[in-house]
Structure formats: C-alpha cells, structure tokens
Amino acid sequence: MAHSLTVLGLESSCDDTAAAVLRRDDTGETTILSSVVHGQSSLHADFGGVVPEIAARAHAEMLDICVEEALTQANTSLHDVDAIAVTSGPGLIGGVVSGVMCAKGLSAATGAPLYGINHLAGHALTPRMTDDVSYPYLMLLVSGGHCQFLIAHGPDAFQRLGGTIDDAPGEAFDKVARLVGLPQPGGPSVEHAALSGDPLNFPLPRPLLDRPGCDLSFSGLKTAVLRTRDRIIEENGGLPEQARADLCAGFQAAVVDVLSEKTRRALDIYLQNNPSKPTLCVAGGVAANKAIRSALETVSKAFRAQFVAPPIALCTDNAAMIAFAAIEQMGVHPADDLTLSARPRWPLDQTSPAMLGSGKKGAKA
Ligand code: KG4
Ligand code: ZN
C-alpha cells in the first residue's frame with residue numbers, strides 16, 4: 001500500500017508563475033490541495049509577445065510569493081512537504097532557470113527530494129490526474145508553444161506520432177488577433193469575434209492536408225490571413241467590423257478542419273496498435289476553444305473513442321500537473337540532485353527526430 005505523500009510543484013517555463021500542493025493518500029488517491037497561477041500578460045502586453053528577459057525577472061520575483069500562497073491555501077507548511085517538483089524544461093531558459101534555482105533552494109533547506117519534470121509530460125499526464133485515465137491513451141497537446149500527437153504508454157514513455165513543423169495553433173491565434181487589432185491572448189478574442197462571423201466569406205488554406213501522416217503546419221495559414229486582411233483594407237480603406245469577424249471565423253474554421261483531420265489520422269494509427277483502448281485526450285490552452293473542443297469530441301464519437309478534456313484551468317499552464325507528474329514518475333526514475341539543470345529543448349519522445357521550427361515561446365520540443 002502507498003504511503004501518504006505531499007508534493008510541492010513549481011512551474012515557470014513560459015509566462016505563468018505557478019505553485020501547487022498535491023497530496024497522495026495511502027490508498028493512492030491524489031488531491032489538489034492548492035494551485036496558484038500568476039499570469040504575466042500585462043507585463044508583455046505592449047510588446048506583442050512574451051519577452052524572455054521580462055518573463056525571467058518576473059518569475060524570479062513571483063516564485064516565493066506563489067509558493068507561500070500555495071502552502072497557505074493547502075493549509076500546510078514546508079516542513080510537511082515530502083518532495084519538490086519543478087519544470088526543468090523545455091521552455092524559455094531564463095524562466096526555467098528561475099524555477100529550478102528556487103526548487104533547489106527549497107530542497108536544500110528542507111531535505112525534501114527534488115524532481116525535475118518535463119513540462120510536456122505535465123500536460124500529457126493531466127488526464128490521469130483529472131479523469132483517472134489508464135494507459136495507453138492518445139493525447140493531442142495543443143497550446144501556445146506546442147502541438148503534437150502523443151501516445152502515452154506510461155509515466156515516462158511517450159511516442160510522438162506527429163506535430164507542428166512550424167508554429168503552434170495558439171501562436172497562430174495570437175498572431176491573427178494582432179493582425180486584426182484584437183487584444184491578447186488572441187485565442188479567446190478570436191473565438192469571440194468568430195461567433196458573429198461567416199467562415200465561408202474569406203476562403204483560407206488547410207495546410208498539409210494533402211500530405212500523409214499527422215504532422216501539422218500553421219505558418220502558411222497566418223500568412224494567408226495577413227494577405228486577406230491587407231486586401232480587405234485596400235478595398236475598404238479599413239477593416240470593417242463584419243469583415244474582421246468573418247476573417248476570424250474563417251481562420252478558426254481552418255484550424256478546426258486541420259486539427260480534426262489530423263486527429264482522425266492519429267486515431268487511426270493509435271487504434272491499429274491499441275484497438276481495445278479507444279481514448280483521445282486533449283490538453284493545452286487551445287483546448288479551451290469551444291469549436292475545437294466540440295470538433296474533437298465529434299471525431300472521437302465517430303471512432304467510438306472516449307474523449308477526455310480536463311477543466312480549462314488544468315489544460316493551461318499550472319503547477320498541479322508538474323507535482324502530479326512527479327508522483328507518477330517516482331516509481332520509474334530516481335530523484336534528481338542539486339546538479340539538476342534547465343533544458344530549453346527536451347523532447348518527450350527521445351526516439352523521434354526533433355521537430356522543425358521554433359515558436360514565440362521558444363524552441364519546439
Ligand atoms: O497552454 P497555455 O496556457 O500556454 C502555453 O502555450 O504553454 O496556452 C496559451 C495559448 C495562447 O496562445 C492562447 O491564445 C491560446 O492558448 N488560447 C486559445 C483559447 N484560449 C487560450 N486559443 C484558442 N481559443 C481559445 N479559447
Ligand atoms: Zn504548457
């Protein structure tokens with residue numbers, strides 16, 4: 001029987017500083033006692049994207065505060081923490097270093113073992129924390145910095161079936177919002193504008209659908225939106241409200257079509273080898289998009305597959321997923337020591353070739 005375990009998790013790989021406390025009881029059940037996330041959107045708003053130096057400095061300032069808040073909300077103290085988990089890659093290096101240094105300090109001061117966690121593993125293991133999904137399952141990880149199809153075979157055994165060869169979808173949503181003058185983060189703004197738009201008014205490409213496999217591309221779609229916007233402005237002397245809504249709707253429809261078709265292909269490949277476990281899970285900030293969520297649910301139904309989409313707060317960056325990944329991985333590899341270093345690139349599937357390209361949030365993993 002498992003022992004009760006309290007784990008403090010830290011996350012600082014992009015533009016959210018987060019800390020969380022999880023407890024696994026002696027029956028093996030895990031509870032999120034607290035999950036604190038301090039976003040940095042306002043600090044980066046004037047720059048049109050995340051500025052790594054500003055992000056790193058803000059993480060260094062906020063980590064202690066987040067840890068204190070997380071411990072207080074969990075009604076516990078550092079003395080009761082049995083392990084410290086921290087995102088040690090991939091991500092913006094300055095932010096990851098801030099988190100790793102903070103975690104090392106806490107580990108050295110308390111004697112609690114230290115676990116360096118892959119941020120992508122945190123996202124990919126989230127359906128086990130929220131819905132108790134058993135291995136194996138297919139995961140579509142779709143965020144501002146990442147887009148990949150993974151088969152989760154175990155706590156540290158992931159097989160990548162495909163991914164973006166250039167930008168991540170969230171990054172494309174953010175860029176489209178900037179192009180049409182909507183506020184950041186772009187995903188929610190574009191989704192809202194799309195509600196009153198006609199997706200058929202401005203035809204946009206569906207990149208890579210003509211190529212076999214489940215790799216994706218979003219950079220050509222962004223360029224097509226830019227060209228269409230310029231044409232509308234030239235013809236109208238500005239961007240009329242309705243044209244803006246139509247462009248957002250057209251863009252979102254293209255993303256929905258691409259993600260749906262590539263998910264069908266990934267499910268096909270996955271089910272060939274795992275016919276008795278039809279499960280599709282989604283995680284990452286873009287999974288908050290209702291049109292995308294419901295399209296993926298429709299695809300799952302067509303395959304008679306279970307569809308699992310964690311609550312939005314656990315789809316986007318958070319530290320509960322990092323603490324949970326540490327609990328999952330304790331059985332498969334030992335704790336790290338104070339030589340733990342930050343890794344800007346850290347593919348989950350070490351056997352697949354590295355993905356091409358790099359996005360606003362750093363090198364693709
Ligand atoms: O997972 P996340 O919080 O951070 C990482 O990128 O790791 O995802 C943030 C991304 C942003 O690009 C944001 O625009 C996008 O997720 N996003 C959305 C929506 N909400 C957030 N994209 C489309 N529709 C949404 N409703
Ligand atoms: Zn993330």
Side-chain angles (χ1 to χ4, degrees), residues 9-18 37 40 44 49-53 55-56 58-60 63 85-104 114-126 139-152 155-171 174 215-216 218 283-287 315-326 328-329 333 336 339-365:
L10 304 182
E11 157 62 35
S12 56
S13 65
C14 188
D15 57 352
D16 291 305
T17 317
V37 181
Q40 303 178 348
H44 304 287
V50 178
V51 183
E53 290 76 11
H59 285 307
L63 274 158
V86 61
T87 299
S88 55
L92 296 176
I93 190 68
V96 180
V97 167
S98 303
V100 168
M101 295 304 288
C102 177
K104 282 183 185 177
L114 176 68
Y115 290 87
I117 298 296
N118 184 313
H119 177 84
L120 303 173
H123 279 303
L125 295 171
T126 299
M139 155 66 57
L140 168 58
L141 178 48
V142 63
S143 71
H146 303 284
C147 185
Q148 46 189 287
F149 291 103
L150 297 160
I151 302 178
D156 199 15
F158 301 97
Q159 178 187 353
R160 198 181 62 222
L161 300 181
T164 181
I165 60 166
D166 41 54
D167 301 329
E171 195 177 353
D174 294 341
D215 280 345
L216 307 101
F218 294 96
V286 180
C315 274
T316 51
D317 286 351
N318 66 87
M321 68 180 190
I322 301 303
F324 181 78
E328 287 275 285
Q329 294 185 346
H333 51 69
D336 290 291
T339 62
L340 174 69
S341 53
R343 297 174 65 174
R345 289 187 84 97
W346 185 0
L348 261 189
D349 177 350
Q350 311 273 352
T351 58
S352 292
M355 298 304 297
L356 301 172
S358 74
K360 76 169 179 177
K361 294 180 176 180
K364 293 277 181 284

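For this chain, numbers begin at 1 and follow the sequence in order.
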Practice problem: Determine the minimum heavy-atom distance between T316 and G285, stating which atoms define it. | Solution: CG2-CA, 3.6 Å

Quiz prompt | L348 side chain near R160 side chain, heavy-atom distance below 4.5 Å | solution = no

Quiz prompt | Heavy-atom closest pair, residues V96 and G89 | solution = CG1-N, 3.7 Å

Practice problem: Kindly determine whether L120 and Q148 satisfy side-chain contact (heavy atoms from CB on, under 4.5 Å), including the steps that lead there. | Solution: CA-CA 10 Å; L120 303 173; Q148 46 189 287; 3.9 Å; yes

Practice problem: Heavy atoms only: give me the nearest T339-K104 pair and the separation to one decimal. | Solution: C-NZ, 4.1 Å

Practice problem: Check P155 against L125 and note the closest heavy-atom contact, atom names and distance. | Solution: O-CD1, 3.7 Å

Quiz item: Can you tell me how far CD of Q329 sits from CZ of F324, rounded to the nearest 0.5 angstrom?
Solution: 10.5 Å

Practice problem: Would you confirm whether D15, through its side chain, and V50, through its main-chain N or O, come within 3.5 Å as a donor-acceptor pair? | Solution: no

Quiz item: Is the shortest heavy-atom distance from the side chain of P90 to the side chain of H119 under 4.5 Å?
Solution: yes

Self-check item: Qualifying residues under side-chain hydrogen bond (donor to acceptor under 3.5 Å, both in side chains), relative to N318, sequence neighbours excluded
Solution: none

Practice problem: Measure across H123 and A283 and return the closest heavy-atom pair with its distance rounded to 0.1 Å. | Solution: O-CB, 3.7 Å

Exercise. Would you confirm whether S88, through its side chain, and S341, through its main-chain N or O, come within 3.5 Å as a donor-acceptor pair?
Key: no

Quiz prompt | D215 (side chain) donor-acceptor with G163 (main chain) under 3.5 angstrom | solution = yes

Quiz prompt | Under 3.5 Å: donor-acceptor pair, side chain of E11, backbone of S13 | solution = yes

Quiz prompt | Residues which pass side chain to side chain contact (heavy atoms under 4.5 Å, CB included) with A60, listed by chain and number, not counting sequence neighbours | solution = S98

Practice problem: Take I151 and L161, measure what side-chain contact (heavy atoms from CB on, under 4.5 Å) needs, and give me the verdict at the end. | Solution: CA-CA 7 Å; I151 302 178; L161 300 181; 3.9 Å; yes

Practice problem: Check for a donor-acceptor pair, side chain of Q40 on one end and backbone N or O of A55 on the other, with a separation under 3.5 Å. | Solution: yes

Quiz prompt | Euclidean distance, I322 CD1 relative to D317 CG, rounded to 0.5 Å | solution = 8.0 Å

Quiz prompt | Under 3.5 Å donor-acceptor, H59 side chain and A18 backbone | solution = no

Practice problem: Please identify each residue that fulfils side chain to side chain contact (heavy atoms under 4.5 Å, CB included) with T126, with sequence neighbours left out. | Solution: M129, T130, P310, L314, M321

Quiz item: Going from OH on Y115 to OG1 on T87, what distance comes out if it is rounded to the nearest 0.5 angstrom?
Solution: 16.0 Å

Quiz prompt | Pairwise distance CG(L141) to CZ(F158) - rounded to 0.5 angstrom | solution = 10.0 Å

Practice problem: First locate atom CG of L216, then atom CG of D167, and finally report the distance between them rounded to the nearest 0.5 Å. | Solution: 11.5 Å

Quiz prompt | For A168 against G145, the heavy-atom pair lying closest together | solution = CB-C, 3.6 Å

